[in-house]
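Accompanying notes for the structure given below.
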Amino acid sequence: MPEHAISPTRREDYPEWYQQVVRAADLAEQSPVRGCMVIKPHGYAIWERMQGILDRAFKATGHQNAYFPLFIPVSYLEQEAKHVEGFAKECAVVTHHRLELAPDGRLVPAGKLEEPLVVRPTSETIIGAMYAKWIQSWRDLPVLINQWANVVRWEMRPRLFLRTAEFLWQEGHTAHATAAEAVEETLRILDIYAAFAEEHLAMPVVKGPKPSAERFPGAVDTYSIEAMMQDGRALQAGTSHFLGQNFARAQGIKFADTTGAEAFCWTTSWGVSTRLIGALVMTHSDDDGLVLPPRIAPTQIVILPIHRTPEERAQVLAASRQLEARLHAERSADEQLRVRIDTRDMRGGDKVWQHVKQGVPLRVEIGPRDLAAGVVSVCRRDRPPKERVSLPLDGFAAQAPALLAEIQQGLFERAAAFRAARTVTVDSQADLVARFREDGAAEAGQGGFVRAHVADDPAVAAVCDPLKVTVRCIPMDGDDEPGRCIITGQPVARRSILARAY
RNA sequence: CGGGGCGUAGCGCAGUCUGGCUAGCGCGCCUGGUUUGGGACCAGGAGGUCGAGAGUUCGAAUCUCUCCGCCCCGACCA
């Protein structure tokens, strides 16, 4: 038997390891259409967990869900100059609406559309057009709407979950009477994203505004949460944009204020996508497959009955069901425990490894010997796969929430320690260059996050581009030590995070 | 879109340079048996238009051309 369930290991070939984990965990696979993916039940179950948690957070802050169309008239996209520039080249365009059977048996597009339709790459334009109709008075504000949808961006280099032509996401779009209120909304959502990443995904993130070059097309300010993957690269895990009045002006989103004067709204937009699943994989998984933090895991505890004879089977299954019922009565992080008994008729070893590869946080084995001793055998996914401890059956259910919480906490701490070990503060251009010169991203101590004073200036990109490094964001919760840009010498208020990114 | 690598059974591969029996191997799958606290063993079996198309040839997985897809690196991005 190989030493690990996943081959190659992270160290041997990180990108290939990622793909193998996705496959071994049965999360998704390639579709016949280039760049698209089939999200399989286990992958989709994780997405549903994410949806449920975020949706509650959005509703709790006054947002409502709605749905806007997939197709956007090309003319809508033309309204905001920078937005056009940013998205035009990656749009999928529908030009026909009918297929006809040709003599050779092929179906050919027939009815040409008057105006081509863009498959939404994001919905600012179509939603803005509706807001322009809906909003008339200050009494109509704020408008706080979210939609769960799919979007299409015709990417050149797709990668399962991380960058696909079609992906699922939520996009929030809000309109406000004042700039301050819109900025507050932008930051409120950023906080929701950061809390979600850290508390549920056990994924430490850095949050902060992006430099102008990294801004969303048409935004005044873009804020992001940035996570570090196990190869030291950064991954943007969520964004929240303060759009100022740019879209409002372009689309005529106006209202009469309390004095009766006409004013443009201040708008925001924000989103997270199925990319978070990729982030989850690359944050916690190991050379045996996926590792899921308990709070996001669709199944937190799997009970594995072990038996040979029909009598043993009956006995063990009864005990399993009883344990399941007791576990269901327990709560962890304000939710009922998610437990499954795996009674499938297959070899025990195969079954165990399947759950290892799928990242189930706790495996509980119950066999005749356990029953006789009044214990269960418990394996934790954050420990080596063969490590097992016997715990008294009686107290186990009551103990389970604490065990899950401990795993959750441990995963967060491990990720935070990893990030800390690969984050360095740098105070000269030479040190920055030295840090990224070698392409040793997988090597310990290389790559990672660099904290440095840099100005929002094209000269910075000139130095970073050859290193394949970008300024990820300017952390908001770090220290506010002012300094001078290590490249241009301009004074800057605090350090930024620089890294190679996905 | 540029550079590199690769497409042979569900997965991983050999065979391709040097064209020639019925296209192989490991894992997986199905059946039967022996097993059973661990990704087992024995026996039997199913499964492939060798990425697609065209060409050269008596004969193509193998040679030529075109196309498609995947992966890595670059430009672009959530």
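Residue numbers begin at 1 in each chain, while the letters A, B, ... track the order of the sequences.
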Scanning all shown strands, the Watson-Crick or wobble mate of B:rC21 with both distances under 3.5 Å is none
Using Watson-Crick geometry (N1-N3 plus N6-O4 or O6-N4) or G-U wobble (N1-O2, O6-N3), each under 3.5 Å, B:rC50 is paired with none
Is a donor on one side and an acceptor on the other found under 3.5 Å between the side chain of A:H284 and the backbone of A:L201?
yes
message: Using a heavy-atom cut-off of 4.0 Å across all strands, would you classify A:G35 as base, sugar-phosphate, or nothing?
response: sugar-phosphate
With the side chain defined as heavy atoms from C-beta on, A:R369 is closest, among B:rA78, B:rG12, B:rG37, to B:rG37
Between NZ of A:K468 and C1' of B:rC72 the distance, given in whole Å, is 12 Å
Open item on the list: It should be established whether A:R163 places a side-chain nitrogen or oxygen under 4.0 Å from OP1 or OP2 of nucleotide B:rA78.
Closed with: no
In whole angstroms, the gap separating P of B:rC77 from CZ of A:F87 amounts to 10 Å
Winner on side-chain proximity to A:R275, out of B:rG39, B:rA78, B:rG37, is B:rA78
Side-chain (A:R49) to main-chain (A:Y44) donor-acceptor, under 3.5 angstrom: no
Atom CH2 of residue position A:W154 - does it have more than 12 heavy atoms of other residues, nucleotides or ligands inside 6.0 Å? no
A:I306 has its side chain closest, among B:rA78, B:rC73, B:rG37, to B:rG37
### Query
Taking the P atom of each, how far is B:rG69 from B:rG53, in whole Å?
16 Å
Output yes when A:D191 and A:K207 qualify as a salt bridge under the 4.0 Å nitrogen-oxygen rule, no when they do not. yes
Any strand, both distances under 3.5 Å, Watson-Crick or G-U wobble: B:rG74 pairs with B:rC1
Any strand, both distances under 3.5 Å, Watson-Crick or G-U wobble: B:rU16 pairs with none
A:R363 atom CZ is separated from B:rG37 atom C1', nearest whole Å, by 13 Å
| field | Rounded P spacing from B:rU22 to B:rU35 in Å | value | 43 Å
Closest to the 5' end of RNA chain B, once A:D465 and A:F167 are matched to their nearest nucleotides, is A:D465
From NZ of A:K207 across to C1' of B:rA78 the rounded distance in Å is 19 Å
Note: contacts of residues 44-58 of chain A with RNA chain B (heavy atom, under 4.0 Å) are none
Exercise. Hey, mind stepping through A:H42 and A:W47 against ring pair (Phe, Tyr, Trp, His ring centres under 6.0 Å) and telling me if it holds?
Worked result: CA-CA 9 Å; A:H42 190 223; A:W47 180 237; over 10 Å; no
Salt bridge (charged side-chain N to carboxylate O under 4.0 Å, His left out) assessment of A:D288 paired with A:K357
CA-CA 6 Å; A:D288 292 313; A:K357 289 187 280 195; over 6 Å; no
Winner on side-chain proximity to A:K89, out of B:rA40, B:rC73, B:rC76, is B:rC76
Can you check the distance between B:rG4 and B:rC42, where both ends of the measurement are the C1' atom (answer in whole Å)? 47 Å
Please walk me through it: do A:F247 and A:H83 pass ring pair (Phe, Tyr, Trp, His ring centres under 6.0 Å)?
CA-CA 9 Å; A:F247 282 86; A:H83 196 65; 5.0 Å; yes
Margin query: With rounding to the closest Å, how many angstrom separate the C1' atoms on B:rA60 and B:rU8?
Written below: 14 Å
Base, sugar-phosphate, or nothing: which does A:S240 touch, judged by heavy atoms less than 4.0 Å apart?
nothing
**Prompt:** Does the distance from a Lys or Arg side-chain N to an Asp or Glu carboxylate O, for A:E85 and A:K82, drop under 4.0 Å?
**Reply:** no
To the nearest angstrom, the NE2-C1' distance between A:H355 and B:rG37 comes to 16 Å
For nucleotides B:rA14 and B:rU34, find the distance between their C1' atoms and express it as a whole number of Å.
-> 33 Å
The nucleotide from B:rU36, B:rC71, B:rA78 with an atom nearest the side chain of A:S273 is B:rA78
* To do: Check every strand shown and say whether A:L276 touches a base, only sugar-phosphate, or nothing at a heavy-atom separation below 4.0 Å.
  => nothing
By the Watson-Crick or G-U definition, both distances under 3.5 Å, B:rG55 is matched with B:rC63
Regarding the side chain of A:R308, the nearest nucleotide among B:rG39, B:rU36, B:rC73 is B:rU36
Rounded to whole Å, CD1 of A:I366 lies from P of B:rU36 at a distance of 22 Å
### Task
In plain terms, say whether A:K210 and A:E226 are close enough for a salt bridge, that is, a side-chain N and a carboxylate O under 4.0 Å apart.
yes
Out of B:rC73, B:rC76, B:rG39, minimum distance to the side chain of A:R233 belongs to B:rC73
message: Between the base of B:rC77 and the side chain of A:R153, is one N or O donor paired with an acceptor at under 3.5 angstrom?
response: no
Notebook entry, point to check: Do A:R10 and A:D286 sit within salt-bridge range, that is, some charged N less than 4.0 Å from a carboxylate O?
Noted result: no
Side-chain contact check for A:Q19: nearest option of B:rC71, B:rG37, B:rC73 is B:rC71
Rounded P spacing from B:rU18 to B:rC65 in Å | 15 Å
Requested in this report: Determine the Euclidean distance between corresponding C1' atoms of B:rG19 and B:rC63; express it in Å to zero decimal places.
Outcome: 8 Å
Regarding the side chain of A:R23, the nearest nucleotide among B:rG12, B:rA78, B:rU35 is B:rG12
Any strand, both distances under 3.5 Å, Watson-Crick or G-U wobble: B:rG32 pairs with B:rC42
From CG of A:D350 across to C1' of B:rC41 the rounded distance in Å is 14 Å
task = Taking only Lys NZ, Arg NE, NH1 and NH2, and the carboxylate oxygens of Asp or Glu, determine whether A:R23 and A:E29 approach each other closer than 4.0 Å.
result = no
task: Name the nucleic acid region contacted by A:S377, choosing base, sugar-phosphate or nothing; use a 4.0 angstrom heavy-atom cut-off, strictly under.
output: base
A:Q20 atom CD is separated from B:rC13 atom C1', nearest whole Å, by 14 Å
With the side chain defined as heavy atoms from C-beta on, A:Q30 is closest, among B:rG37, B:rC76, B:rC71, to B:rC71
Taking a pair to mean Watson-Crick or G-U wobble geometry with both distances below 3.5 Å, B:rC27 pairs with B:rG10
Rounded distance in Å between the P positions of B:rU66 and B:rC1 = 16 Å
